[in-house]
There are 2 protein chains.
Amino acid sequence: MAAEIPKAGVAFLLTQLGTQAATKFAERVSALDLTPPQVGMLRMIAAHPGLSQQTLAGNLGMLPSKVVTFVDDLEGRGLVTRTRSTRDRRVHELTLTEEGAELLDKIRAVAAAHEADFCEALDADERARLQSLLERLTESHGLTPGVHPGYRTIR
Amino acid sequence: MAAEIPKAGVAFLLTQLGTQAATKFAERVSALDLTPPQVGMLRMIAAHPGLSQQTLAGNLGMLPSKVVTFVDDLEGRGLVTRTRSTRDRRVHELTLTEEGAELLDKIRAVAAAHEADFCEALDADERARLQSLLERLTESHGLTPGVHPGYRTIR
DNA sequence: TATTGTTATACTCTATAACTATA
DNA sequence: TATAGTTATAGAGTATAACAATA
């Protein structure tokens with residue numbers, strides 16, 4: 001009855017699966033009262049302790065004014081600290097508190113569970129081959145390891 | 001200097017590449033003055049001529065009130081027609097005009113170019129293996145062929 | 001004068017709920 | 001009373017620009 005839908009190519013399958021993966025991950029971290037951009041911030045602060053809000057905004061492709069709001073929240077929850085730099089008193093150096101580091105451990109566990117569930121249909125060998133092909137694509141598109149473009153606004 | 005970023009898994013690579021693919025496709029179709037949801041509508045109308053706006057909204061996971069706005073636009077541009085159903089005068093049957101069908105051909109060409117460019121880094125054999133693995137994943141997640149979840153709001 | 005962080009504001013977008021016409 | 005389509009509206013979210021402190 002229904003006319004045929006043309007077979008989806010790789011690019012379309014990637015948008016489908018990418019949205020699905022992002023949505024499911026967002027659901028999981030919402031159990032920790034976090035959004036994916038906040039998770040990205042915590043990871044970035046852990047990787048570069050003491051970085052400024054401007055640098056953070058630049059690295060993640062977020063608006064500085066947005067960073068303020070998120071850091072307000074994370075600081076109020078005792079996960080992150082702002083410290084005035086002694087070298088340039090304009091900048092706030094960001095670091096994780098011990099509690100923040102513990103939460104990051106939980107995030108890593110959530111991410112591992114997410115990965116395992118999402119790839120459930122593939123065996124270890126297939127998963128490795130898929131990973132390798134996807135890495136080739138990300139490299140060819142110049143995508144930053146560990147940072148996805150979605151922290152910038154999607155239109 | 002920078003602490004190590006843990007290697008990204010398949011799920012994260014998919015969100016990265018999915019966002020990238022969606023963004024690039026959106027850029028391409030914007031040259032035709034269309035958004036990705038509108039492209040989805042045109043494809044759905046072509047596959048199910050005469051369907052109602054409610055059905056269209058349901059199939060694409062869009063709000064009916066949003067469909068109104070989009071159809072207003074597409075109808076105003078002579079791409080789609082609304083016809084009152086003779087069996088139930090409440091419903092508007094949607095069909096593509098000849099111009100709409102021609103635009104859909106252009107969309108298909110754009111999508112093909114998008115596919116080719118996006119997968120440029122892979123040879124035909126790798127592309128086929130990737131496609132097969134991605135299809136397995138979409139099936140395992142119960143994703144509808146040809147419809148991506150992004151027409152629903154992303155939060 | 002330029003830059004960091006912050007705040008305020010204007011703007012867009014979304015979802016929800018009313019409204020009409022048909023059933 | 002219920003449904004298809006439409007319109008109006010309130011709420012959320014985003015980007016831009018103004019601002020104070022510091023360089």
Side-chain angles (χ1 to χ4, degrees), chain A residues 19 22-23 26 29-30 33-41 44-45 48-76 79-95 148-155, chain B residues 19 22-23 26 30 33-41 44-45 48-76 80-95 148-155:
Chain A
T19 304
T23 302
V29 295
S30 80
D33 276 307
L34 292 171
T35 63
Q38 285 178 314
V39 170
M41 287 177 54
M44 187 63 73
I45 295 170
H48 305 275
L51 88 174
S52 72
Q53 295 185 189
Q54 289 286 337
T55 307
L56 180 59
N59 287 355
L60 294 180
M62 294 172 57
L63 290 172
S65 56
K66 196 84 182 187
V67 171
V68 173
T69 310
F70 281 139
V71 173
D72 282 350
D73 178 48
L74 297 175
E75 189 184 38
L79 302 169
V80 163
T81 57
R82 281 191 248 233
T83 314
R84 277 212 177 276
S85 167
T86 53
R87 307 174 60 170
D88 183 342
R89 292 182 37 75
R90 290 174 303 180
V91 327
H92 286 170
E93 296 175 350
L94 302 174
T95 50
H148 74 74
Y151 299 146
R152 272 230 162 280
T153 302
I154 303 174
R155 185 169 312 267
Chain B
T19 304
T23 302
S30 80
D33 277 308
L34 291 171
T35 63
Q38 285 178 314
V39 170
M41 287 177 55
M44 187 64 71
I45 295 170
H48 305 276
L51 89 174
S52 72
Q53 295 185 189
Q54 289 286 337
T55 306
L56 180 60
N59 287 357
L60 294 181
M62 295 172 59
L63 290 172
S65 56
K66 196 83 183 187
V67 171
V68 172
T69 310
F70 281 137
V71 173
D72 281 350
D73 178 48
L74 297 176
E75 189 185 38
V80 162
T81 57
R82 282 190 248 235
T83 315
R84 277 210 178 275
S85 167
T86 52
R87 308 174 59 168
D88 183 341
R89 292 180 39 74
R90 290 174 303 181
V91 328
H92 286 169
E93 296 175 349
L94 301 174
T95 50
H148 74 74
Y151 298 147
R152 271 230 163 281
T153 303
I154 303 174
R155 185 169 313 268

- In numerical order, the residues of residues 84-91 of chain A whose heavy atoms come under 4.0 Å of DNA chain C are Arg90(A), Val91(A)
- Task: Round to a whole Å and report the spacing from CE of Met41(B) to P of dG5(D).
- Result: 11 Å
- Task: Round to a whole Å and report the spacing from NE2 of His92(A) to C1' of dT6(C).
- Result: 9 Å
- Beyond-backbone contact of Ile45(B) with Leu51(B), side-chain heavy atoms, under 4.5 angstrom: yes
- For Asp72(A) and dT6(C), what is the distance between atoms CG and C1' respectively, to the nearest whole Å? 9 Å
- Nucleotide nearest Val68(A) when distance is taken to its side chain, options dT16(D), dT16(C), dT7(C): dT7(C)
- Min side-chain heavy-atom separation Pro64(A)-Gln54(A) under 4.5 Å: yes
- Are more than 12 heavy atoms from other residues, nucleotides or ligands located less than 6.0 Å from atom CZ of Arg87(A)? no
- Task: Please report, rounded to the nearest Å, how far the C1' atom of dT3(C) is from the CG atom of Leu56(A).
- Result: 17 Å
- Specify the separation, in whole Å, of atom CG of Leu63(B) and atom C1' of dT16(C). 9 Å
- Query: Does any non-hydrogen side-chain atom of Met41(A) lie less than 4.5 Å from one of Leu94(A)?
  - Reply: no
- Query: Between dT14(D) and Lys66(A), is there an OP1 or OP2 to side-chain N/O distance shorter than 4.0 Å?
  - Reply: yes
- With a 4.5 Å heavy-atom cut-off, do Arg84(B) and His92(B) have their side chains touching? yes
- Whole angstrom value for the distance that separates C1' of dG5(D) from CG of Leu94(B): 11 Å
- Whole-Å gap separating P (dT6(C)) and CZ (Phe70(A)): 14 Å
- Message: Taking the side chain as everything from C-beta on, heavy atoms only, tell me whether Leu79(A) gets closer than 4.5 Å to Asp73(A).
- Response: no
- Give one of base, sugar-phosphate or nothing for Ser65(A), where a contact means two heavy atoms less than 4.0 Å apart. base
- Message: Taking salt bridge (Lys or Arg N to Asp or Glu O under 4.0 Å) as the definition, give me every residue that meets it alongside Arg90(B), ordered by chain and number, with sequence neighbours left out.
- Response: Asp88(B)
- Just how far, in rounded Å, is C1' of dT6(C) from CZ of Arg82(A)? 9 Å
